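A short worksheet on the structure shown next.
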Amino acid sequence: MGARFTVVAIIFSLLAGAAPMLAHHSFAAEFDASQRVTLTGVVTKVEWTNPHVWFWVNVMDEKSGKPVNWGFEMGSPNALSRDGGWTVNTMKVGMVVTVVASRAKDGSNRANTSTVTVNGKRLGGASSQGTVQ
């Protein structure tokens, strides 16, 4: 009975650990690397959470002259801190930033961040696509 319980517990642990990985999307499933955008605007919101950091920027629409809110996905907080030089305080609401990113395939105002220029410093977005210059 003890060995059988151990085997069942191990299998359950492996399956439970795999569930978050199955739920995680790939870059190519959601974003198009050939649709690059470079946008500058004012940060309206920052969510420093797992599995991805998201931030939103009001960008002026050239045609209408009205602000359009864009959502930008970056890597995990850990990856940004470890590899990108980010801290939770690097980007704040009200700051002006320039973002280089790959647009969402569905044409919405969302993109996967390659780089962000914050206070004159260019930082990587720890994207699953990688930083493209």
Side-chain angles (χ1 to χ4, degrees):
M1 178 80 170
R4 190 176 273 170
F5 176 78
T6 301
V7 170
V8 170
I10 289 171
I11 291 171
F12 179 76
S13 296
L14 292 172
L15 290 174
M21 290 170 63
L22 294 173
H24 189 268
H25 64 90
S26 72
F27 170 87
E30 196 169 350
F31 302 101
D32 185 347
S34 69
Q35 290 190 40
R36 306 286 288 171
V37 293
T38 300
L39 301 169
T40 299
V42 178
V43 176
T44 60
K45 183 178 180 181
V46 179
E47 289 183 353
W48 190 264
T49 58
N50 280 314
H52 296 279
V53 171
W54 276 86
F55 65 99
W56 287 262
V57 175
N58 273 346
V59 178
M60 284 300 179
D61 182 280
E62 292 178 8
K63 293 178 185 174
S64 70
K66 295 180 181 177
V68 176
N69 199 247
W70 279 76
F72 295 97
E73 178 188 69
M74 294 199 289
S76 70
N78 183 44
L80 288 165
S81 297
R82 183 185 64 236
D83 302 331
W86 290 85
T87 72
V88 70
N89 296 311
T90 301
M91 185 186 320
K92 295 289 186 188
V93 170
M95 296 176 97
V96 175
V97 298
T98 298
V99 185
V100 177
S102 297
R103 282 196 78 155
K105 285 185 171 181
D106 66 7
S108 64
N109 294 332
R110 294 178 311 111
N112 184 276
T113 306
S114 178
T115 63
V116 183
T117 302
V118 182
N119 288 331
K121 186 175 182 182
R122 189 173 179 201
L123 300 171
S127 166
S128 55
Q129 177 194 13
T131 301
V132 179
Q133 304 301 332

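Please read these numbers as outputs of a predicted model, since none were measured by experiment.
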*asked:* Which residue is it: Thr117, Val57, Val42? I am looking for the one with a side-chain contact (heavy atoms from CB on, under 4.5 Å) to Val97.
replied: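 That would be Val57.
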*Given side chains that start at C-beta, do those of Phe55 and Thr113 come closer than 4.5 Å, heavy atoms only?*
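When only atoms from C-beta onward are counted, Thr113 and Phe55 do touch, with a gap below 4.5 Å.
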*Would you say Val53 and Trp86 make side-chain contact, with heavy atoms under 4.5 Å?*
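Contact flag for Val53/Trp86 side chains = no.
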Is there a path of hydrophobic side-chain contacts, each under 4.5 Å between heavy atoms, that joins [X] and [Y]?
| X | Y | answer |
| --- | --- | --- |
| Val88 | Val116 | yes |
| Leu123 | Trp70 | yes |
| Trp54 | Val59 | no |
| Val118 | Val99 | yes |
| Val93 | Val96 | no |

Keeping [X] on the side-chain end and [Y] on the backbone end, is there a donor-acceptor pair under 3.5 Å?
| X | Y | value |
| --- | --- | --- |
| Asn119 | Lys121 | no |
| His52 | Gly75 | no |
| Thr90 | Thr87 | yes |

_Once salt bridge (charged side-chain N to carboxylate O under 4.0 Å, His left out) is applied, do any residues pair with Lys45, and if so which ones, sequence neighbours excluded?_
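Checked Lys45 against salt bridge (charged side-chain N to carboxylate O under 4.0 Å, His left out); matches are Glu47.
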*Could you list the residues that satisfy side-chain hydrogen bond (donor to acceptor under 3.5 Å, both in side chains) with Thr44, not counting sequence neighbours?*
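Checked Thr44 against side-chain hydrogen bond (donor to acceptor under 3.5 Å, both in side chains); matches are Asn69.
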*Partners of Thr40 by side-chain hydrogen bond (donor to acceptor under 3.5 Å, both in side chains), sequence neighbours excluded?*
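So Thr40 forms a side-chain hydrogen bond (donor to acceptor under 3.5 Å, both in side chains) with Thr98.
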Drop me the distance from [X]'s [atom1] to [Y]'s [atom2], to the nearest 0.5 angstrom.
| X | Y | atom1 | atom2 | answer |
| --- | --- | --- | --- | --- |
| Trp48 | Ser81 | CH2 | OG | 4.5 Å |
| Asn78 | Asn50 | CG | CG | 8.0 Å |
| Arg110 | Phe72 | CZ | CZ | 11.5 Å |
| Arg103 | Arg36 | CZ | CZ | 13.0 Å |

Identify the heavy atoms of [X] and [Y] that sit nearest to each other, and give their distance.
| X | Y | result |
| --- | --- | --- |
| Ala111 | Ala101 | CB-CB, 3.6 Å |
| Ser64 | Asp61 | N-OD1, 2.7 Å |
| Val43 | Lys92 | CB-O, 3.6 Å |

*Are side-chain N/O atoms of Asp106 and Ser108 paired as donor and acceptor at under 3.5 Å?*
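Looking only at side-chain atoms, Ser108 and Asp106 do form a donor-acceptor pair, the distance falling under 3.5 Å.
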